[in-house]
Amino acid sequence: MIVTQITGITKGRFRIYIEEKPAFVLYRGEVRRLGIREGEPLSEESLREIEEEILPTRAKRRAMNLLQNRDYTEAGLREKLRSGDYPESCIEEAVAYVKSYGYVDDCRYAGDFITYNLDRKSRTRMEQDLMRKGISKDTIRTVFEELEEQGTSQDEGAMIRRLLEKKKYDPQTATGQEKQRMYAFLYRRGFRAEVISRALLLDIT
């Protein structure tokens, strides 16, 4: 395997190309220590050290550092590691490593997110937000069911009434056009049609 190109990414980091294809990113000291040079072959011993020791260890360390600052979903952590140019095999190993210690748990993440937003967002909006973060619909549904079994539930009607009060909206005096505008506003926020209709005193018969 011939090293066909070494391209600087930052002052101390370099992307190594093997047989014209990007292979991995190394630091200056590693490039020097392993004797990697353009136009020269990369030894099997050096390749093994890079793929089995250097990069997996670095990916695990990077994952741990990321999780010290904030929680990530599994998908979010994978994407963050990809942005650091780690090979997929190293990403898989790093994610499996932090999951084994419970540092990444999509169910826990979803549960915390739902509990925090229970009085702020509709269930539909929370589901959409969590799916955008890479959490599966089945996982979200399971977490909602577990929370409901524990007595944690959402009152969309009360949430809508608080929004109406905040906007100084009175369903008793609002015109038909005003009700339709408010209906559209609440529907966009993910509230269920029947709950909106009851709150706005709309005829849904």
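Position 1 is the first residue of the sequence, and the numbers go up from there.
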Which pair of non-hydrogen atoms, one from [X] and one from [Y], has the smallest distance, and what is that distance?
X      : Y      : value
Tyr183 : Ser197 : CE1-OG, 3.7 Å
Leu77  : Leu67  : CD2-CD1, 4.3 Å
Thr139 : Ser136 : OG1-OG, 2.8 Å
Ala63  : Ala94  : CB-CB, 4.4 Å
Gly35  : Glu40  : O-OE1, 4.5 Å
Ser122 : Arg189 : OG-O, 2.7 Å

Evaluate the side-chain proximity of [Y] to [X]: yes if any heavy-atom separation is below 4.5 Å, no if none is.
X      : Y      : answer
Leu164 : Leu200 : yes
Tyr187 : Arg192 : no
Arg162 : Asp119 : yes
Tyr109 : Leu130 : yes
Met126 : Phe144 : yes
Lys60  : Val98  : no
Tyr17  : Val3   : no

For this session: For salt bridge (charged side-chain N to carboxylate O under 4.0 Å, His left out), just list the numbers for Arg123 and Glu127, CA-CA rounded to whole Å, side-chain angles, deciding distance to a tenth of an Å, and then say yes or no.
Result: CA-CA 6 Å; Arg123 173 166 176 162; Glu127 289 176 346; 3.0 Å; yes
Answer yes or no: is there a donor N or O on one side and an acceptor on the other, between the side chain of [X] and the main chain of [Y], under 3.5 Å?
X      : Y      : answer
Thr73  : Lys133 : yes
Asp105 : Arg108 : yes
Thr152 : Glu148 : no
Gln154 : Leu118 : yes
Glu30  : Tyr27  : yes
Thr57  : Ile54  : no
Arg28  : Lys11  : yes

Exercise. Looking at Lys99 and Glu74, does any basic side-chain N land under 4.0 Å from a carboxylate oxygen?
Worked result: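 So Lys99 pairs with Glu74 through a salt bridge.
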For this session: Salt-bridge test for Glu19 and Lys21: reply yes if a basic N is under 4.0 Å from a carboxylate O, no otherwise.
Result: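 Salt bridge between Glu19 and Lys21, a charged N being under 4.0 Å from a carboxylate O: no.
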Quick check for you: to the nearest 0.5 Å, what is the distance between [X] atom [atom1] and [Y] atom [atom2]?
X      : Y      : atom1 : atom2 : answer
Ile18  : Leu47  : CD1   : CG    : 6.0 Å
Phe191 : Leu163 : CZ    : CG    : 5.5 Å
Leu66  : Asp71  : CG    : CG    : 12.0 Å

For [X], all residues meeting salt bridge (charged side-chain N to carboxylate O under 4.0 Å, His left out), sequence neighbours excluded:
X      : answer
Glu53  : Arg48
Lys179 : none
Asp129 : Lys121, Arg132

Exercise. Do we get Arg181 above Phe185's six-membered ring, with its NZ or CZ under 6.0 Å from the centre and within 45° of the axis?
Worked result: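 Verdict for Phe185: no cation-pi partner in Arg181.
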Tell me which donor-acceptor pairs under 3.5 Å the side chains of residues 80-87 have, and how far apart each pair is, sequence neighbours excluded?
| residue | atom | partner | partner atom | Å |
| --- | --- | --- | --- | --- |
| Arg82 | NE | Glu88 | OE2 | 2.7 |
| Ser83 | OG | Lys80 | O | 2.5 |
| Asp85 | OD1 | Arg15 | NH2 | 2.8 |
| Asp85 | OD2 | Arg15 | NH2 | 3.0 |

Would a hydrophobic clustering, with Ile, Leu, Val, Met, Phe, Trp and Tyr connected at side-chain separations under 4.5 Å, put [X] with [Y]?
X      : Y      : result
Met1   : Ile50  : yes
Leu55  : Met64  : no
Leu34  : Ile2   : no
Leu147 : Tyr116 : no
Met182 : Met159 : yes

For this session: Determine, step by step, whether Arg33 and Glu49 satisfy the salt bridge (charged side-chain N to carboxylate O under 4.0 Å, His left out) criterion, reporting the C-alpha distance in whole Å, the side-chain angles of both residues, the deciding distance to 0.1 Å, and the verdict.
Result: CA-CA 12 Å; Arg33 179 175 64 80; Glu49 181 178 349; 2.9 Å; yes
Exercise. How is the hydrophobic cluster of Ile9 composed, in terms of its other members, when Ile, Leu, Val, Met, Phe, Trp and Tyr link through side-chain heavy atoms under 4.5 Å apart, directly or indirectly?
Worked result: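 Members other than Ile9 - counting any ILVMFWY side chain reachable under 4.5 Å - are Val25.
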Problem set entry | Residues in ring-ring contact (aromatic ring centres under 6.0 Å, His included) contact with Tyr103, at least two apart in sequence or another chain |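 Testing Tyr103 for ring-ring contact (aromatic ring centres under 6.0 Å, His included), a comparison that skips the adjacent residues, returns Tyr101.
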